[in-house]
J.: 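Have a look at this one.
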Amino acid sequence: MLLSSSAAAAAPSSSPVRAPGVMRSILRGHRRMLAVVLPLATLSEGVELLMPIVLGLIIDQGIMAGDLRLTVLGALGLILMRIVGALLWVFTFLQTQKACMFERHRLRVGLTGAVLDPRSRRIERPAGEVLSIATSDADKASDLLDMLTWVVPSLIAILAAAVYLAAADLWLGLTMLLGIAVMVVVIRVITPTLSARYDDQQSQAAEAAATATDLVHGLRVLQGLGVQSRARATYRRRSRIALQAALVNARYSGISSGLTTLVTGSMLAAVVVLAALRTLDGALTLGVLIAVVGVARYVMGMMQGLAGAPVWWAGMSTSARRVRDLYTDLGRAVDDPELGLDVLTTQRDDRGEGRGAAQGRRGAAGGLHLPQLSVADGEIVALACADAADAEAVIDAVSGQVDGGARVGEQPITPADRLTLRSELLVEPHVVDLFDGTLRAQLATRAPAGIAQGEDDAWADQALHAAGADDLLRILPEGYDTRILDRGANLSGGQRQRIALARAVAADAPVLVLHDPTTAVDAVTEQNIAEALAAARRRTDRATLLVTRAPALLQAADRVVFVQAGEIRGEGVHADLMENEEYWEVVRR
């Protein structure tokens, strides 16, 4: 076998890894903040609740009793209470919003880091869906802190109000408690339905976003095929489904709000009417009546706000579950230390500045070694595989997707260690990605900083020449300053492939692995690329592996290794191997 037998065992497990809950992670990360903010927020709500009660006492003990001193002091006390309550609210609000913004940023950066980390498990989710989860769902899940620091103090204040009303009159307290019990039952019944509806809405919205993303990325292809109208119809259909899901969710949310408002209004109306009757009977004083009405008004505002809690909770819990599931699919966890802000905001790709920084180049790495194949420094080796699966297996091994016994010099290439080899090894896959930015920025993505930040573009000229892409400077309207759209949407397939190849050459990695780098170009361009690439990489401190069946690249290689059924069936220069009928059948065009 070309690869080590341990490769299969080292492959990432496909069994799901249950990630920790996102909401639990958020709460754990802000325990100290909650320990301070929750009591202060409860105190703030308590001050608001006490104000009508104190006002009632002032009316009874001051105004009705003709005590001017007590009345003035009470008025000053109310002003002081208002100021204290406002300051407490401002402090708790700022702390809560700061925590929410931090969590939104943490989840966005963490998810993005997990998606981009080559050690994460491969996923089949559409890019639009991943984007939706990493933005919209991450933001909604972080609202837990905002909800918690408002709902908990509100519930405590409502229970305190019920205690006060019961102390003032038992029937008033019982009426309030009955209304609270009915509210709890209503919320318990409707919350699961709302969660299910919201889940469906978010899923449909994510699918619509994924469809839109795919259509934008494939716009040139769609135009070439002349099927723009069909593509528009597909997106309209998907968008209508998402809209219908949103309308259904809004309908259920409206029903929920209506039911809770009805319960709240009925209960508070009963409290006020009962208090008025008790006052007329002489059981309550005028001050107590005013206090009861003020407390009832306060409670009604709180309960109307709490009426939206089921909708709020349904959105947060669903979004948190979607974030957790994405982490699970990636084989990562929300609390992964390697995805923390302190790591991701300071970590950078080692492009070799520590070695040969003055020259902007890195020295030899010791070549690339597989169990039955070695590429020495100064050598260009082509690997021609009869079966595409063998080529993919080699790429997985040298890129560290699996532990196939590959090494760079004496350093093993494993899923756990491959990040440490970024300055030594570059594997350019067959399916390439270009990013939104200028042509110069594309080429400088992994080029050594000392080279890419030079005063002239000689380094870029050399990279384009090695990729047979010199003509791009004449075709692109602004040369190196021409903007390349995401995934090269404004380029042809051949142009995208050549820019990606030029980017790989510009990186000047000690060990470079290219997988079918010329499949989108014509034979003449391929021949030019083969000659220029060989000239650029044939240096004593550079090792290059070409996984390809392109005749021009095979001919330019110093040595060709022919693999069939996982076994090496021939080795030598291209011209000699062409006498092998099986090899000839594989590489002929």
Side-chain angles (χ1 to χ4, degrees), residues 216-225 349 351 360-361 380 426-509 512-539 542 544 546-548 550-553 555-557 589:
V216 171
H217 289 158
L219 182 59
R220 290 174 64 91
V221 177
L222 295 173
Q223 290 174 337
L225 296 175
D349 201 10
R351 298 180 297 179
R361 301 187 74 246
I380 300 176
L426 174 60
V427 179
E428 188 70 23
H430 172 59
V431 180
V432 298
D433 278 320
L434 299 180
F435 308 101
D436 191 302
T438 64
L439 174 60
R440 183 183 292 103
Q442 303 288 339
L443 300 180
T445 301
R446 285 202 56 179
I451 295 177
Q453 296 173 2
E455 296 182 357
D456 58 54
D457 293 321
W459 62 274
D461 294 337
Q462 295 172 4
L464 287 179
H465 176 71
D470 309 73
D471 61 315
L472 288 179
L473 294 178
R474 298 189 302 272
I475 297 173
L476 298 178
E478 299 179 41
Y480 285 117
D481 295 319
T482 301
R483 181 187 175 189
I484 307 300
L485 298 181
D486 182 33
R487 295 195 181 184
N490 56 337
L491 302 174
S492 68
Q495 290 171 338
R496 286 196 297 269
Q497 195 171 58
R498 285 186 292 163
I499 289 177
L501 177 57
R503 180 178 63 187
V505 173
D508 195 29
L512 176 63
V513 180
L514 300 174
H515 184 198
D516 286 332
T518 59
T519 54
V521 300
D522 57 67
V524 175
T525 303
E526 182 178 87
Q527 182 63 42
N528 293 335
I529 291 174
E531 295 174 358
L533 179 62
R537 293 291 301 179
R538 189 172 278 115
R539 300 181 182 182
R542 294 294 179 259
T544 307
L546 308 175
V547 182
T548 181
L553 292 176
Q555 186 174 3
R589 287 185 173 177

J.: Name the one of Leu514, Thr544, Asn528 that satisfies side-chain contact (heavy atoms from CB on, under 4.5 Å) with Leu533?
T.: Leu514
J.: With sequence neighbours left out, what residues match Asp470 under salt bridge (Lys or Arg N to Asp or Glu O under 4.0 Å)?
T.: none
J.: I'd like to know if the side chain of Arg496 and the backbone of Leu434 have a donor-acceptor N/O pair within less than 3.5 Å.
T.: no
J.: Side chains of Arg542 and Leu512, heavy atoms from C-beta outward: is any pair under 4.5 Å?
T.: no
J.: For Gln497 and Thr519, test the side chains for any donor-to-acceptor distance below 3.5 angstrom and give the result as yes or no.
T.: yes
J.: Would you say that Thr438 contacts Ile484 through its side chain, given a criterion of any heavy-atom pair below 4.5 Å between the two side chains?
T.: no
J.: Taking side chain as C-beta onward, heavy atoms only, is Asp508 less than 4.5 Å from Gln462?
T.: no
J.: Which distance, rounded to the nearest 0.5 Å, do you find between the CD of Glu531 and the CD of Gln555?
T.: 8.5 Å
J.: For residues Val513 and Glu428, determine if any side-chain heavy atom of one lies less than 4.5 Å from a side-chain heavy atom of the other.
T.: no
J.: Take His515 and Thr548 through the test side chain to side chain contact (heavy atoms under 4.5 Å, CB included) and record every step on the way to the result.
T.: CA-CA 6 Å; His515 184 198; Thr548 181; over 6 Å; no
J.: Check Glu478 with Arg483, please: is the shortest side-chain N to carboxylate O separation under 4.0 Å?
T.: no
J.: I'd like to check the salt bridge (Lys or Arg N to Asp or Glu O under 4.0 Å) partners of Asp481; sequence neighbours left out, ordered by chain and number.
T.: Arg440
J.: Test side chain to side chain contact (heavy atoms under 4.5 Å, CB included) on Leu491 and Leu476; report intermediate values, then the result.
T.: CA-CA 10 Å; Leu491 302 174; Leu476 298 178; 4.0 Å; yes
J.: Could you list the residues that satisfy side chain to side chain contact (heavy atoms under 4.5 Å, CB included) with Ala530, not counting sequence neighbours?
T.: Ala552, Leu553, Ala556
J.: Just so I know, are the side chains of Ile380 and Leu546 near enough to count as touching, which here means a heavy-atom distance under 4.5 Å?
T.: yes
J.: Contact between Leu472 and Tyr480 at the side-chain level, heavy atoms closer than 4.5 Å - yes or no?
T.: no
J.: Side chains of Leu464 and Trp459: closer than 4.5 Å at any heavy-atom pair?
T.: no
J.: Is the shortest side-chain heavy-atom distance between His430 and Pro517 below 4.5 Å?
T.: no
